[in-house]
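One-based numbering, in listed order, for ligands and for the atoms of each. It should be emphasised that the depicted structure is a prediction, and the values quoted were computed from it without experimental measurement.
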Amino acid sequence: MFEILFLGTSASAPSAKRGLAGQIVSHNEYRFLIDCGEGTQRQILQSGIGFKRLTRILLTHGHLDHILGLGGLLSTFLRWEAIEELEVFGGRSTLERVRTLLYDVVLRGNQPPMPLRMTEIKPGVFFEADDFTVRAVPVTHRGSDCLGFVFEAKARRPFLAEKADALGVPFGPERRDLVAGKSVTLSDGRIVNADDVLGPLEKGAKFVIIGDAGRTDNLIEICQDADGLVIESTYLNEEAEMAKQFSHLTAQQAAELAVKANVKKLILTHISRRYREKDVLAEAQAVFPNVIVARDFDQYQIKREI
Ligand SMILES: [Zn+2]
Ligand SMILES: [Zn+2]
């Protein structure tokens with residue numbers, strides 16, 4: 001299961017109610033800050049989630065509404081060493097701009113207050129833990145090196161506790177070994193195999209986060225069967241021409257992608273101040289019913305949907 005906390009849901013400029021792009025994806029003890037628009041550090045404080053373990057920042061692209069908050073964040077860390085390290089992941093041109101912001105504007109020759117790493121990523125898996133992976137995917141938007149991120153829990157065979165109970169498997173290391181696929185010998189000499197207590201392989205949850213995007217035809221395969229999709233929805237269909245011109249999506253386009261890719265839950269963000277939220281929702285809902293327009297501080301869980 002993955003969790004997402006929206007810190008900012010506005011497009012291009014903040015509004016009274018919406019901050020600029022930023023969201024935290026959590027899985028077990030892992031946390032990833034995805035994009036860091038201006039004001040993100042205050043949103044983190046206000047949300048109550050805090051900076052703990054927030055050591056990985058993933059950037060979708062280098063537009064200012066997605067990166068300016070990094071300057072403020074680092075400036076705060078210079079005075080108040082709250083975290084042990086910071087690793088910023090992004091495409092080459094994104095990192096070039098971030099480097100200028102952090103090293104030329106904020107640090108100006110000073111050392112960063114913690115080990116600071118800039119990790120250039122290209123499409124493909126760039127982070128792997130025991131039970132999930134994070135993959136970067138190419139996205140078309142203004143400029144080069146725009147990325148989306150796919151969080152995927154690894155497939156696993158569920159432990160069937162009732163079968164283990166029936167076989168008299170004690171609680172403790174025997175069960176752990178069985179979960180790991182090993183056979184165990186019980187105290188009475190009987191051998192229990194992993195196949196006796198594990199169910200068939202089940203796919204893990206798939207959660208796709210796409211930042212700004214100008215087209216969706218190259219995202220269908222990427223989003224295929226996702227349990228959750230977060231994607232921008234900057235325009236309404238009545239301004240589809242302008243959306244195209246600025247390489248953004250309409251609510252309708254986002255919803256059509258969800259239908260084509262058989263997505264289970266669609267969450268729209270990057271909402272322009274020019275529209276009312278209910279109009280954005282209505283346009284998307286007419287195409288894809290299970291859709292939400294995210295607000296700042298909203299939290300959602302993404303689980304494997306059968
Ligand atoms: Zn943007
Ligand atoms: Zn952009």
Peer 1: Consider side-chain contact (heavy atoms from CB on, under 4.5 Å). Of R142, H141, E239, E241, which one does F246 pass it with?
Peer 2: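 That would be R142; it is the only one of R142, H141, E239, E241 passing the side-chain contact (heavy atoms from CB on, under 4.5 Å) with F246.
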Peer 1: With side-chain contact (heavy atoms from CB on, under 4.5 Å) as the test, pick out the partner of L249 among I231, I210, T234.
Peer 2: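 In the set I231, I210, T234, the residue that makes a side-chain contact (heavy atoms from CB on, under 4.5 Å) with L249 is I231.
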Peer 1: Between F151 and F32, does the ring centroid distance fall short of 6.0 Å?
Peer 2: yes
Peer 1: Backbone N or O of G22 within a donor-acceptor pair of the D35 side chain at under 3.5 Å?
Peer 2: no
Peer 1: Cation-pi check, R175 to F171: give yes when NZ or CZ is under 6.0 Å from the six-membered ring centre and within 45° of the ring axis, no otherwise.
Peer 2: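 Verdict for F171: a cation-pi partner in R175.
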Peer 1: Around the Zn ion (ligand 1), what protein N, O or S atoms are found below 2.8 Å?
Peer 2: D65 OD2, H66 NE2, D212 OD2, H270 NE2
Peer 1: Is it the case that more than 12 heavy atoms not belonging to K182 sit under 6.0 Å from its NZ atom?
Peer 2: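 Counting other residues, nucleotides and ligands, NZ of K182 stays at 12 neighbours or fewer.
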